[in-house]
Amino acid sequence: MLQSAITLLPILWLIVALAVLKIPGHLACLVALVIAAALALTLWHMPVIDCVTSALEGFASALWPIILVIIAAIFTYNLSLRTGAMEVIKSLLASVSTDKRVIILLIGWCFGGFLEGMAGFGTAVAIPAGIMYGMGMNPVTACLVCMLANAFPTAFGSVGIPTVTLTSVTGLEAIPLSYITVIEMVPFMILVPFLMVMAGGGGPKALKGVVGITLVSGLSFLIPELLVARFLGAELPVIVGSVVSLLCTLAMARQRNGKPVPAEYVLNAKSSTASAGGKAPEMKPLIAVMPFILIFVFLLLTSKLVPPVNSFLAVFSSTVKISSSANAGTVSFSWVNTPGILIFIATIIGGFIQKASVSLMLETLAATVKQLVKTIITIMSVLAVAKIMTYSGMISDMANLFVTLTGQFYSFVAPIIAALGAFVTGSGTNTEVLLGRLQSEAANAIGASPYWLAAANSVGAGIGKILSPQCIATAVAAVGLTGQDSKVLSAVLKWALLMLVIACLLVGLLQGTADFWI
């Protein structure tokens, strides 16, 4: 029992280091790596070679595709600043609304949800946060609202990969599991847009005058998501929901044009061209948004929604075994059909259309990589911690500890277990792999529905993901706050804890309704 409790040390260290001691994220995560390795080698008797190769697997998994997509996303944003396209985009968005609360819904909730559904891997936080920061939003606020928005689309991110993975590790049917997952998310899909507006606007007073559009934004996302999950499965719920929500929110925003906006909610966009000593570019809006249009087109055409293209590109991949641990499987690397590569290609083509020179692109890329050095260290360290804790058995022992301690009340803590897994791994998919089977087996042990607790794993994982050092590192890199991870963690912590408490009560109190929904 004591040894199982010790598994929490790396996680507790990260919470204290980031939230209390205010240690920069990359340093805190390096120490966490040392702690995890020391525990694995001593108390869990992990062979040294297994520990080293497991860390190497974590490094490799971090570099490709996670760090790749972060560099690509930030490169896209930085190049749009260099070409002046961001000035045009900001003007375009301002023509829809100058109300910060409406922009939070359009960019953070709708567009962020779409990016998660299509690509995932940090794009849904990095790109919207970068855009809103460029429009004049406080950088911590931009990070906060995008991270809140990202919690629940995570279950169906990257064209449903986390939930599809969950079905494979649990043996449950895809459509009932997808539907139950959305059922458990119903309160959150309505609540989160309101939380975003309050978090971005300074409290409940920010809701005055925008309750209608906020409610429409949430409901128009939720209802299509429910229907698609019920009849089609895991691949499309977030993609369809986000697109419908975007159209409905845009329509509501246009109806608000001409209404006065309180001064405290008016976005005063910074001029990137002015700060660089240049003139605002004379660029057509279509040209300015071309990289983002191409990102959408490429991600769509190469997704599972277009099987011939997806299958062809799947050939360009490698599968290798890096960790020597008996518990380790193989790791797959997709060399072409991965969001980072597709975003790079789209941005380079878009850059040429915007008449950006090769030298400008190379300078921007070099500056982007330099900007992200601390972020890269953070994410590589976190993934190494996750692999060591997984292959040494620490994660499994931690989950079993909760099962033993809670017994028949396990349903009330199932989301917490998932949140801890996501906090360590920073990934909804990895959390499903780590803990999905445990959740369904625990359900059988206490006489609950395996569908209900497997879905609870997805709910908890989404909340834990937005608290993870990996997610925070992605967010701060997008808004130029690299090394100030503690600021963002402090900002998001209370909101995430609120959602986690609600999730625990919902899963625990309503577990008896699972058969009704199925």
Side-chain angles (χ1 to χ4, degrees), residues 88-120 123-124 127-128 131-132 135 145-146 148-160 182 185-186 188-197 200 207 209-232 235-259 261 267 285-286 288-301 303 305-306:
V88 180
I89 293 171
K90 287 186 287 189
S91 298
L92 189 64
L93 290 170
S95 69
V96 176
S97 179
T98 58
D99 191 326
K100 176 169 65 174
R101 301 164 297 178
V102 174
I103 295 298
I104 284 172
L105 295 173
L106 286 171
I107 305 301
W109 177 246
C110 304
F111 185 51
F114 174 78
L115 287 174
E116 181 63 32
M118 289 301 305
T123 54
I127 292 178
I131 291 174
M132 288 194 287
M135 293 186 69
V145 296
C146 290
L148 290 177
N150 192 231
F152 298 100
T154 292
F156 302 102
S158 302
V159 198
V182 182
M185 292 180 178
V186 165
F188 299 102
M189 297 300 294
I190 298 172
L191 176 64
V192 168
F194 286 93
L195 296 183
M196 292 171 64
V197 171
L207 293 173
V210 293
V211 170
I213 189 173
T214 305
L215 182 61
V216 167
S217 196
L219 286 175
S220 60
F221 200 133
L222 169 63
I223 294 171
E225 187 178 26
L226 269 172
L227 293 173
V228 173
R230 175 65 181 84
F231 295 105
L232 297 179
E235 287 81 5
L236 296 176
V238 161
I239 295 173
V240 174
S242 61
V243 170
V244 174
S245 181
L246 179 61
L247 294 175
C248 293
T249 307
L250 271 173
M252 291 283 289
R254 292 195 177 280
Q255 288 183 357
R256 292 173 52 85
N257 280 348
K259 293 184 178 179
V261 179
L267 275 178
L286 182 62
V289 300
M290 186 57 66
F292 299 96
I293 292 175
L294 291 175
I295 288 172
F296 163 68
V297 172
F298 289 173
L299 290 174
L300 179 64
L301 292 179
S303 73
L305 302 178
V306 187

Working to the nearest 0.5 angstrom, can you tell me the gap between [X] [atom1] and [Y] [atom2]?
X      : Y      : atom1 : atom2 : value
Lys100 : Met132 : NZ    : CE    : 10.5 Å
Arg101 : Leu267 : CZ    : CG    : 10.5 Å
Ile127 : Phe111 : CD1   : CZ    : 6.0 Å
Phe152 : Glu225 : CZ    : CD    : 11.0 Å
Leu246 : Leu105 : CG    : CG    : 11.0 Å
Phe188 : Leu195 : CZ    : CG    : 9.5 Å

Looking at side-chain heavy atoms only, is the closest gap between Val238 and Phe221 below 4.5 Å? yes

Does any part of the side chain of Arg256, heavy atoms only, come nearer than 4.5 Å to the side chain of Val210, both counted from C-beta? yes

Side-chain (Ser245) to main-chain (Ser217) donor-acceptor, under 3.5 angstrom: yes

Taking the side chain from Ser242 and the backbone from Ile239, do they hold a donor-acceptor pair closer than 3.5 Å? yes

Quick one: side chain to side chain contact (heavy atoms under 4.5 Å, CB included) partners of Val261, sequence neighbours excluded? Thr98, Asp99, Tyr265, Val266

To check you understand the geometry: which heavy-atom pair defines the closest contact between [X] and [Y], and what is its length?
X      : Y      : answer
Pro224 : Leu219 : CD-O, 4.1 Å
Pro128 : Leu115 : CD-CD1, 3.8 Å
Pro291 : Ala288 : CD-O, 3.6 Å
Gly112 : Ala124 : O-CB, 3.2 Å
Arg254 : Val96  : NH2-CG2, 4.2 Å
Ala229 : Val182 : CB-CG2, 3.7 Å

Would you check, one step at a time, whether the test side-chain contact (heavy atoms from CB on, under 4.5 Å) holds for Val211 with Phe194? CA-CA 8 Å; Val211 170; Phe194 286 93; 4.1 Å; yes

Please enumerate all residues that pass side chain to side chain donor-acceptor pair (under 3.5 Å) together with Thr214, with sequence neighbours excluded. none

